[in-house]
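Numbering of ligands and ligand atoms starts at 1, following listing order.
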Amino acid sequence: MKEEAMLYEGKAKQLFHTDDPQVLRVQYKDSATAFNGEKRATLAGKGEMNNRISAIFFRYLEENGVANHFIKTLSPLEQLVRKVKIIPLEVVVRNRVAGSLAKRIGIAEGTKLKHPIVEFYYKDDALGDPLLNEDHIAVMDLATPEQVEEMKQIGLQVNDLLQLLMSKLQIILVDFKIEFGLDEEGKLLLADEISPDTCRFWDEDTGEKLDKDRFRRDLGNVVEAYEEIFSRLGGQKHV
Ligand code: C5P
């Protein structure tokens, strides 16, 4: 495939056009950032793990009825995805209190929630990705009420499916973030990535964190933790 122009560069990935206008090439980077880009590092091997783990999750979700943008893995750092127009919302689903929720509501990290909760954050670096409610989303014209409801339902479905998968691997799914886009027909499609960068995974027996909190909190062995997730998922480096 000939080298095509870059469409977008984010903190952890680059997106390139391909010769098919409906298809993009994603190139994962080894960069790690946290706290709205204030903390940065290069972690060799992280990009490959996120590329491969995302592929496993997207394939599993597709097999279980959750339409998403993933097409195929191209190489250790690259995958092909369907082109969508990203809705600038981060949809967070939580099963336990952690991270920003622990700070916001003052309940100890690790506390199980009575039922999963869904939150929406506005993807805007300058504003620091603020929490939005459905009225904010409506007046800002970020999504229709029907799309908000659909994102919530798909978020809960993804939560059920990922919890089922991870519990078999002795991993607690604490919370995760997903993003959605609209395809050329206006259909909502799960997009972006699902990886230890975007989920909290705790070992069921030891409570060990196997996700990006190892980087955020300077716990060390970041890539080793991502490799542990990949290995428990039965990951193989085919390409
Ligand atoms: O920081 P917070 O507790 O709100 O994060 C909730 C979940 O969303 C975590 O799994 C975190 O990794 C993910 N997240 C993300 N990208 C962000 C903010 C949060 O992937 N910009």
Task: side chain to side chain contact (heavy atoms under 4.5 Å, CB included) against Gln163, all qualifying residues, sequence neighbours excluded - done: Asn95, Asn159, Leu173
Task: Close approach of Arg200 to ligand 1, heavy atoms, under 4.0 angstrom - done: yes
TODO: Compute the minimum heavy-atom distance from Asp197 to ligand 1 and say whether it is under 4.0 Å.
DONE: yes
With a 4.0 Å heavy-atom cut-off (strictly under), which part of [X] contacts ligand 1: side chain, backbone, both or neither?
X      : value
Glu90  : side chain
Glu109 : neither
Arg94  : side chain

[atom1] ([X]) with more than 12 external heavy atoms under 6.0 Å:
X     : atom1 : answer
Arg82 : CZ    : no
Arg40 : CZ    : no
Lys72 : NZ    : no

- [ ] Assess Lys46 against Tyr226: is NZ or CZ under 6.0 Å from the centre of the six-membered ring, and within 45 degrees of the ring's axis?
- [x] no
Please could you name the atoms of ligand 1 that [X] approaches to less than 4.0 Å, counting only its heavy atoms?
X      : result
Lys177 : 8 (O), 13 (C), 14 (N), 15 (C), 16 (N), 20 (O)
Cys199 : 10 (O)
Gly99  : 3 (O)
Ala98  : 3 (O)
Val92  : 6 (C), 8 (O)

Could you check [atom] against the protein and tell me its nearest heavy-atom contact, residue, atom and distance included?
atom                    : answer
atom 2 (P) of ligand 1  : Ser100 OG, 3.4 Å
atom 10 (O) of ligand 1 : Asp175 OD1, 2.6 Å
atom 12 (O) of ligand 1 : Arg216 NH2, 2.9 Å

Open item on the list: Taking the basic N atoms (NZ, or NE/NH1/NH2) and the acidic carboxylate oxygens, is any pair closer than 4.0 Å for Lys85 and Asp183?
Closed with: no
TODO: Please name all residues satisfying side chain to side chain donor-acceptor pair (under 3.5 Å) with Arg200, sequence neighbours left out, ordered by chain then number.
DONE: Asp175, Asp213
Task: Flag: protein heavy atom within less than 4.0 Å of atom 15 (C) of ligand 1 - done: yes
- [ ] Could you check whether the rings of Phe201 and Phe57 sit parallel, tilted or perpendicular, using 30° and 60° as the cut-offs?
- [x] tilted
Open item on the list: Under a 3.5 Å distance rule, please check whether Arg25 uses its side chain to pair with a backbone N or O of Phe16 as donor and acceptor.
Closed with: no
